[in-house]
Number of protein chains: 2
Amino acid sequence: MTITNGRDLTPVLDRVDRTLEASLERLFAFLRIPSISAQPAHAGDCRRAAEWLCAELAGIGLDASVRETPGHPMVVAHDRGAAEGPHVLFYGHYDVQPVDPLDLWHSAPFEPQLVRDGEGARIVARGASDDKGQVMTFVEALRALRAECGTLPLRVSMVIEGEEESGGANLLPFLQANRDELHADVALICDTGMLEGGVPAITTALRGMVGEEVVIRGADRDLHSGIYGNAARNPLEVLCRILGAVRDPATGRVLLPGFYDGVQDPPEAVRAQWRAIAPSDAGFLGPVGLSVPAGEQGYSAVEQTWCRPTFEINGISGGYAGDGFKTVLPAEASAKISFRLVSGQDPARIRDAFRAHVRAMLPADCTVRFTPHGGSRASVVPADGPGLRAALAALGAEWGRPAVTVGSGGSIPVVSEVRQALDMDSLLIGFARDDDRIHSPNEKYDLTSFHRGIRSWVRVLDALARDGARAG
Amino acid sequence: MTITNGRDLTPVLDRVDRTLEASLERLFAFLRIPSISAQPAHAGDCRRAAEWLCAELAGIGLDASVRETPGHPMVVAHDRGAAEGPHVLFYGHYDVQPVDPLDLWHSAPFEPQLVRDGEGARIVARGASDDKGQVMTFVEALRALRAECGTLPLRVSMVIEGEEESGGANLLPFLQANRDELHADVALICDTGMLEGGVPAITTALRGMVGEEVVIRGADRDLHSGIYGNAARNPLEVLCRILGAVRDPATGRVLLPGFYDGVQDPPEAVRAQWRAIAPSDAGFLGPVGLSVPAGEQGYSAVEQTWCRPTFEINGISGGYAGDGFKTVLPAEASAKISFRLVSGQDPARIRDAFRAHVRAMLPADCTVRFTPHGGSRASVVPADGPGLRAALAALGAEWGRPAVTVGSGGSIPVVSEVRQALDMDSLLIGFARDDDRIHSPNEKYDLTSFHRGIRSWVRVLDALARDGARAG
């Protein structure tokens with residue numbers, strides 16, 4: 001018998017187990033909607049995903065609505081059942097990443113499959129892990145709790161956005177405009193993962209991000225590289241030279257002036273804890289076919305992603321990339337790049353430093369255009385934040401091993417936006433695995449992540465209700 | 001009255017003028033066939049272009065056939081009318097470049113237009129200049145000569161290939177296998193241009209080319225740049241660093257060891273002649289929106305393209321290039337690059353030096369794949385080669401100003417292949433203009449180039465018949 005706070009959770013957890021098939025069917029219906037927020041052609045699908053989710057939440061008994069923004073809509077829901085107790089605000093996103101390269105998928109990205117083979121049972125689809133599968137762990141936990149107990153053990157509000165994968169410019173103003181409605185004791189953000197081997201984790205450090213598109217232009221038309229090659233400036237070569245000079249190849253350090261201003265290493269105690277729990281370089285890189293940490297010298301692979309800033313090229317295009325060969329000297333070359341930031345770095349200053357670097361290396365006869373794609377500071381959740389200990393204990397009970405606090409290389413801007421707009425701390429609890437291939441072909445979510453994720457939320461919500469989401 | 005060699009050319013030239021409309025209609029039919037040799041989807045169109053051309057030549061009275069190769073077919077034709085006199089082999093190509101970016105075309109690339117506006121009358125279509133328009137100047141000259149005179153003034157054979165724009169690997173073996181059939185006194189190659197201001201020119205120096213595709217691979221899948229950025233090697237960054245280090249940005253010189261071995265500046269007399277006739281830097285670069293020569297210091301823009309070797313990046317792809325932003329760390333990055341060679345450089349050695357450069361800079365955990373895309377030596381036609389003086393005089397008579405010999409930055413591998421397989425020299429005579437936008441959107445061929453190109457061939461064939469295509 002599983003009793004916390006005087007409430008026996010066994011019937012709720014049993015119901016989760018018993019109704020897993022129906023929970024999966026609902027998740028599959030959600031996954032079939034190709035809600036790619038970055039691609040304007042899928043705007044209608046994004047709205048359809050919002051409406052589908054709104055209807056599900058209303059069906060459970062929440063007061064749910066689709067709310068307009070200048071971009072894709074938000075889904076907002078409130079459970080009015082529990083009149084008192086702590087109040088939590090759940091955050092997730094219904095939008096997904098683009099799917100290309102499509103030819104590397106083993107099944108259609110929006111035709112979810114439950115695959116059972118030597119690698120274990122898993123749900124394969126775009127968004128299976130990031131973030132529809134994770135969102136549905138929470139939704140299904142609410143459904144089981146309400147079905148079994150009549151009411152939830154605490155007050156729950158939800159905001160599910162549709163632009164997390166495409167810049168998310170509309171979330172902060174939406175939170176600010178609806179501050180009174182959305183303010184709660186703590187935010188629950190389900191967009192992170194567990195450690196290797198199924199160790200449950202709460203993420204307490206997240207990197208920020210600066211995204212930027214840079215387009216370099218030379219001649220006013222594409223040229224024949226035989227007739228003009230040498231004498232006419234080649235924007236692709238200019239772009240290579242500029243992007244190749246951002247990082248020192250010997251040390252792996254980013255060379256932009258001031259880039260590391262304010263950056264500090266974590267306390268040695270934290271690094272020691274990480275060494276104890278985090279995967280080794282081989283454990284972190286091996287599963288993706290690599291073995292040698294590529295970035296800054298002097299840091300392990302995990303430290304590089306959890307606590308060090310970086311520069312990445314996310315895409316380059318220019319000239320001819322089709323079959324065969326074309327002797328073109330292109331008029332334009334473009335790149336999408338990003339910086340991941342850690343605590344102490346200012347996104348605006350980093351963006352300015354990058355633009356200054358590009359302009360300083362730009363040769364005569366070339367022009368440059370910049371387009372910003374999002375900017376956010378790093379976030380650190382305090383170790384004594386509200387509900388943290390209670391949530392760690394609840395996760396430990398579900399997974400049968402102590403839960404830990406970890407860092408993450410990714411950026412979840414909502415953490416700093418919730419802090420800024422609603423003056424709230426966040427608990428980042430998620431069940432993704434490092435090998436979920438999020439943002440890649442054949443994205444998957446382990447059936448165990450989904451099933452025990454639902455059970456985890458039942459326990460976490462109960463623990464927070466008992467704990468009062470108290471700090472410490 | 002236009003009399004050379006005792007033959008009055010006036011009726012032939014008058015016929016060219018009188019039948020120009022019908023000549024244009026035939027060219028337009030040729031241009032409507034999208035014979036893009038580099039794209040497998042257009043293989044059927046390439047064959048259709050070959051068959052169309054074969055039928056035209058047979059209609060004029062030539063013994064014409066479509067001949068198979070391992071790739072796109074060749075068109076071979078012989079005029080059996082003139083039993084004696086010198087024998088010329090005409091070369092051209094019926095294939096064309098890809099058309100992307102399609103959205104920059106003002107009219108559909110395979111719906112030819114005759115545009116008359118402030119820029120002068122011109123034929124706009126992919127292949128209008130390179131090389132269908134040029135090929136048809138010769139075909140229409142043959143038609144007029146046969147129609148007016150019954151026979152041609154000399155023996156004519158033709159070989160028109162379909163892979164000039166896609167590596168052309170099958171031409172050399174075809175020439176070698178058909179040496180007895182195709183051997184002649186001199187080759188006439190119509191794939192070059194005139195000088196600015198309509199000065200007729202015969203090209204006597206052509207750059208060679210080495211084309212190469214390089215694919216760098218890191219992880220075994222695309223990764224999330226937040227989760228893996230820094231610790232996992234980014235192939236796009238590796239590619240930028242490697243390609244950005246091929247050329248010294250200060251001097252513009254290619255840094256591969258041995259790259260300039262054997263390269264010599266032209267004699268000062270030649271450079272002086274070029275200074276007299278060639279466009280200035282402003283004249284060469286201004287029409288494409290540039291003003292500063294970008295390559296090697298110490299050479300004018302024209303010298304850089306006529307007599308100096310170069311390195312060019314023709315295309316890069318990797319990561320996400322669609323709308324919006326995707327925080328991907330791609331598994332692969334690829335580039336198409338080329339070197340243009342001058343006399344003295346060995347394509348195989350240059351390719352080896354490039355591959356060694358890539359391998360030397362390749363970091364741990366990365367692999368590289370190379371795919372060759374053609375390699376050819378530079379060609380130099382001797383100033384005392386067969387028929388050169390006679391052809392210059394004939395061109396001068398048609399265009400009303402002395403014809404000159406020039407260099408070209410482009411590569412026409414057939415010149416060295418004709419030398420190698422058939423032991424023949426070539427005369428490169430063409431009527432393209434620098435602003436023809438070949439390989440670019442809105443390719444055009446001046447109506448004057450087409451019309452007077454036909455008239456030029458009438459005169460050149462007559463002059464060669466008279467001259468006997470003698471050396472000197």
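Per chain, numbering begins at 1; letters A, B, ... match sequence-line order.
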Cut-off 4.5 Å, heavy atoms of chain B, and the answer for A/Asn442 is neither
Highest number of heavy-atom pairs under 4.5 Å with chain B among A/Gly410, A/Gly229, A/Gly319 belongs to A/Gly229
Applying a strict 4.5 Å limit to non-hydrogen atoms, the region of B/Ile313 in contact with chain A is both
By ring-ring contact (aromatic ring centres under 6.0 Å, His included), B/His373 pairs with (sequence neighbours left out) A/Phe325
Closest non-hydrogen atoms of B/Arg241 and A/Gly244, given as atom of the first, atom of the second and distance, are CD-O, 3.5 Å
Q: Kindly indicate whether the side chain of B/Ser317, heavy atoms from C-beta on, has any atom under 4.5 Å from the side chain of A/Ile316.
A: no
Counting C-beta onward and ignoring hydrogens, is there a side-chain heavy-atom pair between B/Arg340 and A/Ser225 closer than 4.5 Å?
yes
> Less than 4.5 Å apart, any side-chain heavy atom of A/Ile242 and any of B/Cys240?
Replying inline: no
Okay, A/Leu206 and chain B: the region with an atom under 4.5 Å from a heavy atom over there is neither
Ranking B/Ala245, B/Ser166, B/Ser291, B/Pro293 by heavy-atom pairs under 4.5 Å to chain A gives rank one to B/Ser291
Checklist line | Exercise: do A/His439 and B/Thr327 side chains pair donor with acceptor under 3.5 Å | finding: yes
Applying a strict 4.5 Å limit to non-hydrogen atoms, the region of B/Pro287 in contact with chain A is backbone
Is it true that a side-chain atom of B/Lys326 and a backbone atom of A/Gly315 form a donor plus acceptor pair closer than 3.5 Å?
no
Given A/Gly218, A/Gly324, A/Gly295, the one with more heavy-atom pairs under 4.5 angstrom with chain B than any other is A/Gly324
Interface check, chain A: of B/Asp365, B/Val328, B/Thr310, B/Ile438, most non-hydrogen pairs under 4.5 Å belong to B/Asp365
Whatever's closer than 4.5 Å to a heavy atom in chain A on B/Arg233 counts as both
For this session: Report the C-alpha distance between B/Arg247 and A/Asn230 in whole Å, list the side-chain angles of each, state the deciding distance to 0.1 Å, and finish with yes or no for side chain to side chain donor-acceptor pair (under 3.5 Å).
Result: CA-CA 11 Å; B/Arg247 194 198 287 266; A/Asn230 225 15; 3.1 Å; yes
Cut-off 4.5 Å, heavy atoms of chain B, and the answer for A/Pro363 is neither
All heavy atoms of A/Ala231 vs all of B/Ala301, minimum pair found to be CB-O, 3.6 Å
Most heavy-atom pairs under 4.5 Å with chain B, out of A/Asp222, A/Val302, A/Leu236, A/Leu104, belong to A/Leu236
When the 4.5 angstrom heavy-atom criterion is applied to A/Glu332 and chain B, the contacting part is neither
The interface call for B/Gln97 against chain A, heavy-atom contacts under 4.5 Å, is side chain
Whatever's closer than 4.5 Å to a heavy atom in chain B on A/Ser408 counts as neither
Practice problem: Check the pair A/Tyr228, B/Glu312 against side-chain contact (heavy atoms from CB on, under 4.5 Å), reporting the backbone distance first and the verdict last. | Solution: CA-CA 10 Å; A/Tyr228 287 95; B/Glu312 295 303 330; over 6 Å; no
Answer key: most heavy-atom pairs under 4.5 Å with chain B among A/Ser338, A/Gly211, A/Pro98 is A/Pro98
Okay, A/Tyr299 and chain B: the region with an atom under 4.5 Å from a heavy atom over there is neither
(message) Side chains of B/Ile227 and A/Thr305, heavy atoms from C-beta outward: is any pair under 4.5 Å?
(response) no
If you tally heavy-atom pairs under 4.5 Å between each of B/Gly252, B/Pro249, B/Gly193, B/Pro101 and chain A, the highest tally belongs to B/Pro249
If one checks every heavy atom of B/Ile337 against chain A at 4.5 Å, the contacting part turns out to be backbone
Most heavy-atom pairs under 4.5 Å with chain B, out of A/Asn314, A/Leu329, A/Leu243, A/Asp220, belong to A/Asn314
So, the part of A/Arg437 with a heavy atom under 4.5 Å from chain B: the answer is side chain
**Request:** Would you check if there is a donor-acceptor pair between the side chains of B/Asp323 and A/Gln39 at a distance under 3.5 Å?
**Result:** no
Counting heavy-atom pairs under 4.5 angstrom with chain B, the leader among A/Ala219, A/Ala321, A/Gly289, A/Gly322 is A/Ala219
Honestly, the part of A/Pro235 sitting under 4.5 Å from a heavy atom of chain B is neither
Cut-off 4.5 Å, heavy atoms of chain B, and the answer for A/Met361 is neither
Quick note, salt bridge (charged side-chain N to carboxylate O under 4.0 Å, His left out) partners involving residues 299-309 of chain A, not counting sequence neighbours, are A/Asp265-A/Arg308, A/Arg271-A/Glu303, A/Glu296-A/Arg308
Show your reasoning for whether side-chain contact (heavy atoms from CB on, under 4.5 Å) applies to B/Ser440 and A/His224.
CA-CA 7 Å; B/Ser440 296; A/His224 186 302; over 6 Å; no
